[in-house]
> 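What follows is a single structure, and I will ask about it in a moment.
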Amino acid sequence: MITLNNNFHLLPESYLFSIVRQRLDAYRQNHPEDEIIRMDIGDVTRPIAPAAVAAMHAAVDELARTESFHGYGPEQGYLFLREAIADYDYRRLGIAITPDEIFISDGAKSDLGNLGELFSHRARVAVPDPGYPVYADDNIIDGRNRTDAPIIHLPLTPENHFVPPTPDRTPDLIYLCYPNNPTGASISRHDLSRWVDYARRVGAVIIYDSAYEAYIRDASLPHSIYEIEGAEEVAIEVRSFSKTGGFTGIRCGYTVVPHALKGCYADGTVAELHRLWMRRQSTKFNGASYISQRGAAALYTPEGRRQVEESIDYYMENARLLREGMAAAGYEAFGGENAPYVWVRTPDGMTSWEFFDHLLERYQLSSTPGAGFGTNGEGFVRLTAFNTRSNTLAALRRLRD
Ligand SMILES: *Cc1c(COP(=O)(O)O)cnc(C)c1O
């Protein structure tokens with residue numbers, strides 16, 4: 001029989017969200033009359049921004065006619081979208097990222113999972129704990145969780161305001177995510193500068209996941225890592241239209257790999273990471289669909305921006321209600337001010353799964369157990385603001401009654 005990639009054997013067995021689903025299914029079977037309010041899902045609930053819907057309809061019609069048909073597009077993505085991104089997401093903030101440094105993808109998760117291919121199998125990796133499971137799992141699949149150099153877990157705790165200190169063991173590759181999933185925390189300009197300076201000093205690369213950038217309310221917080229001086233020499237930024245335009249089912253995101261970001265091969269030859277990523281994408285990816293890219297570009301029109309803002313306002317009002325409601329019900333709640341998640345400490349020393357069961361059995365509320373995001377997530381659950389207003393209010397009423 002063929003020998004398999006043994007690293008899959010080393011991956012944690014079951015995926016967090018499927019265990020949650022199994023427990024909910026079991027509860028429903030035993031209590032078919034109960035109505036569970038889902039507070040666990042990290043998926044948007046509002047439909048796609050109308051400007052994007054119209055643009056995608058028009059794109060389909062273009063593809064339906066010989067004169068305007070498009071086949072394969074550029075692997076890096078269409079220039080109309082890369083220009084809109086460079087203009088609105090960067091130039092507007094005084095950041096000199098060019099369209100050429102932007103790569104359109106079918107979503108942030110693919111890029112976060114694929115970027116590991118740019119680095120040596122011996123690279124030492126640091127991931128946030130708790131964190132989005134892809135960061136660690138991709139590196140386990142790539143063989144970077146070795147006994148002699150295990151993955152470094154950066155602790156996100158209430159004590160450090162969910163911004164970890166730089167580690168004792170020096171990593172080569174660092175994953176950071178702000179505004180943060182799952183803790184709902186944000187990072188200050190000062191703390192982000194500290195990480196950029198650290199990466200510059202030790203020669204590490206930061207993969208900065210800013211999927212929730214559009215949820216930032218506090219005007220003093222950085223939207224992009226490239227707002228920090230020198231970051232273009234040490235950072236890759238990954239973004240998504242999933243949580244802004246409601247694109248979780250459409251699939252479109254982008255990754256910025258600046259020309260200034262360099263590394264070296266085993267023989268010492270220096271190369272731009274941009275070159276490697278371009279080569280990687282043109283070898284293994286044929287581009288995001290024309291339709292989704294037309295849809296994404298429409299999110300940058302004045303109309304599209306207004307609609308995105310309106311959706312985010314809606315979710316952030318849910319986040320505020322959740323955060324304040326949980327506090328009023330006697331729980332210690334974090335986040336929810338610049339991110340659509342509220343991170344709740346379990347009461348009375350319960351484990352995350354015990355509290356998950358308690359919320360489900362007593363109030364018919366589902367949550368995501370923090371332990372599923374890493375060791376430091378133990379003792380917390382994540383509640384989502386991705387919900388209807390009426391469900392959010394109903395959930396809080398149940399907790400009060
Ligand atoms: C939702 C999310 C993404 C976006 O993933 P897509 O593949 O673009 O849908 C990326 N990172 C984090 C932390 C997320 O929560």
Side-chain angles (χ1 to χ4, degrees), residues 15-17 20 39-49 52 77 81 85 89 102-116 127-139 154 156 162-164 174-187 206-216 223-225 235-256 281 285 287-289 292-293 295-296 299 308 311-312 315-316 319 335-336 338-343 367-368 370 372-374 377 382-387:
Y15 196 60
L16 168 65
F17 299 98
V20 169
M39 308 295 282
D40 60 300
I41 313 178
D43 193 355
V44 293
T45 53
R46 288 166 61 88
I48 297 161
L81 178 54
I85 292 167
D89 290 341
I102 297 164
F103 296 78
I104 310 301
S105 70
D106 62 350
K109 192 179 192 176
S110 317
D111 286 351
L112 289 163
N114 294 332
L115 280 164
V127 301
D129 176 357
Y132 192 53
V134 185
Y135 314 141
D137 288 358
D138 171 59
N139 282 291
L154 304 168
L156 271 58
F162 307 102
V163 178
I174 301 160
Y175 290 79
L176 293 177
C177 171
Y178 292 100
N180 187 256
N181 179 7
T183 68
S186 50
I187 193 166
I206 297 174
I207 295 183
Y208 194 68
D209 179 352
S210 55
Y212 297 98
E213 162 276 327
Y215 288 77
I216 292 175
H223 283 255
S224 163
I225 194 166
I236 292 172
E237 183 158 271
V238 181
R239 294 247 179 114
S240 169
F241 298 105
S242 284
K243 315 303 178 3
T244 56
F247 272 40
T248 48
I250 297 289
R251 310 307 305 145
C252 197
Y254 67 88
T255 284
V256 179
Q281 290 299 78
F285 185 55
S289 83
S292 63
Q293 293 187 68
L299 301 174
V308 168
S311 263
I312 292 177
Y315 292 132
M316 287 309 285
N338 297 286
Y341 298 114
V342 174
W343 190 238
S367 57
T368 309
F373 294 104
R382 186 191 74 175
L383 299 182
T384 176
F386 291 134
N387 217 328

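Counting starts at 1 for both ligands and their atoms, following the listed order. Throughout, residue positions are numbered sequentially from 1 according to the sequence presented.
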> Going from CD1 on Ile207 to OH on Tyr135, what distance comes out if it is rounded to the nearest 0.5 angstrom?
9.5 Å
> Starting from atom 12 (C) of ligand 1, what is the nearest protein heavy atom, named by residue and atom, and what distance separates them?
Asp209 OD2, 3.4 Å
> Any side-chain to backbone donor/acceptor pair from Tyr212 onto Cys177? Under 3.5 Å, distance only.
no
> Could you tell me whether Ser110 and ligand 1 have an N or O pair separated by under 3.5 Å?
no
> Under 4.0 Å from a heavy atom of Cys177: which atoms of ligand 1 are those, numbered in the order shown and with their elements?
13 (C)
> Under 3.5 Å, is there a donor-acceptor pair between the side chain of Asp111 and the main chain of Ala108?
no
> Checking Val134 now: which residues fulfil side chain to side chain contact (heavy atoms under 4.5 Å, CB included) with it, not counting sequence neighbours?
Lys109, Leu112, Tyr132
> Are any of the N/O atoms on Tyr212, whether in the backbone or the side chain, positioned under 3.5 angstrom from an N/O atom of ligand 1?
yes
> Relative to the heavy atoms of Ala211, which atoms of ligand 1 are at a distance of less than 4.0 Å?
3 (C), 10 (C), 11 (N)
> Can you find a non-hydrogen atom of Thr248 under 4.0 Å from ligand 1?
no
> I'd like to check which ligand 1 atoms, numbered from 1 as shown, lie under 4.0 Å from a non-hydrogen atom of Ser240.
4 (C), 6 (P), 8 (O)
> Kindly write out the residues that satisfy side chain to side chain contact (heavy atoms under 4.5 Å, CB included) with Thr368, not counting sequence neighbours, or none if the list is empty.
Leu16, Phe17, Asp40, Phe373, Arg382
> Identify, by atom number and element, the atoms of ligand 1 in contact range of Ser242, meaning under 4.0 Å from any of its heavy atoms.
6 (P), 8 (O), 9 (O)
> Counting heavy atoms only, which part of Phe247 comes closer than 4.0 Å to ligand 1: side chain, backbone, both or neither?
neither
> Show the atoms of ligand 1 that are less than 4.0 angstrom away from any heavy atom in Gly107.
7 (O), 8 (O)
> Are the side chain of Thr384 and the backbone N or O of Ile41 linked by a donor-acceptor pair below 3.5 Å?
yes
> Does any N or O in the side chain of Tyr215 come within less than 3.5 Å of the main-chain N or O of Lys243, such that one atom is a donor and the other an acceptor?
yes
> Looking only at non-hydrogen atoms, which of Arg251, Lys243, Arg239, Lys109 approaches atom 14 (C) of ligand 1 most closely?
Lys243
> Answer yes or no: is there a side-chain heavy-atom contact under 4.5 Å between Ile250 and Phe241?
no
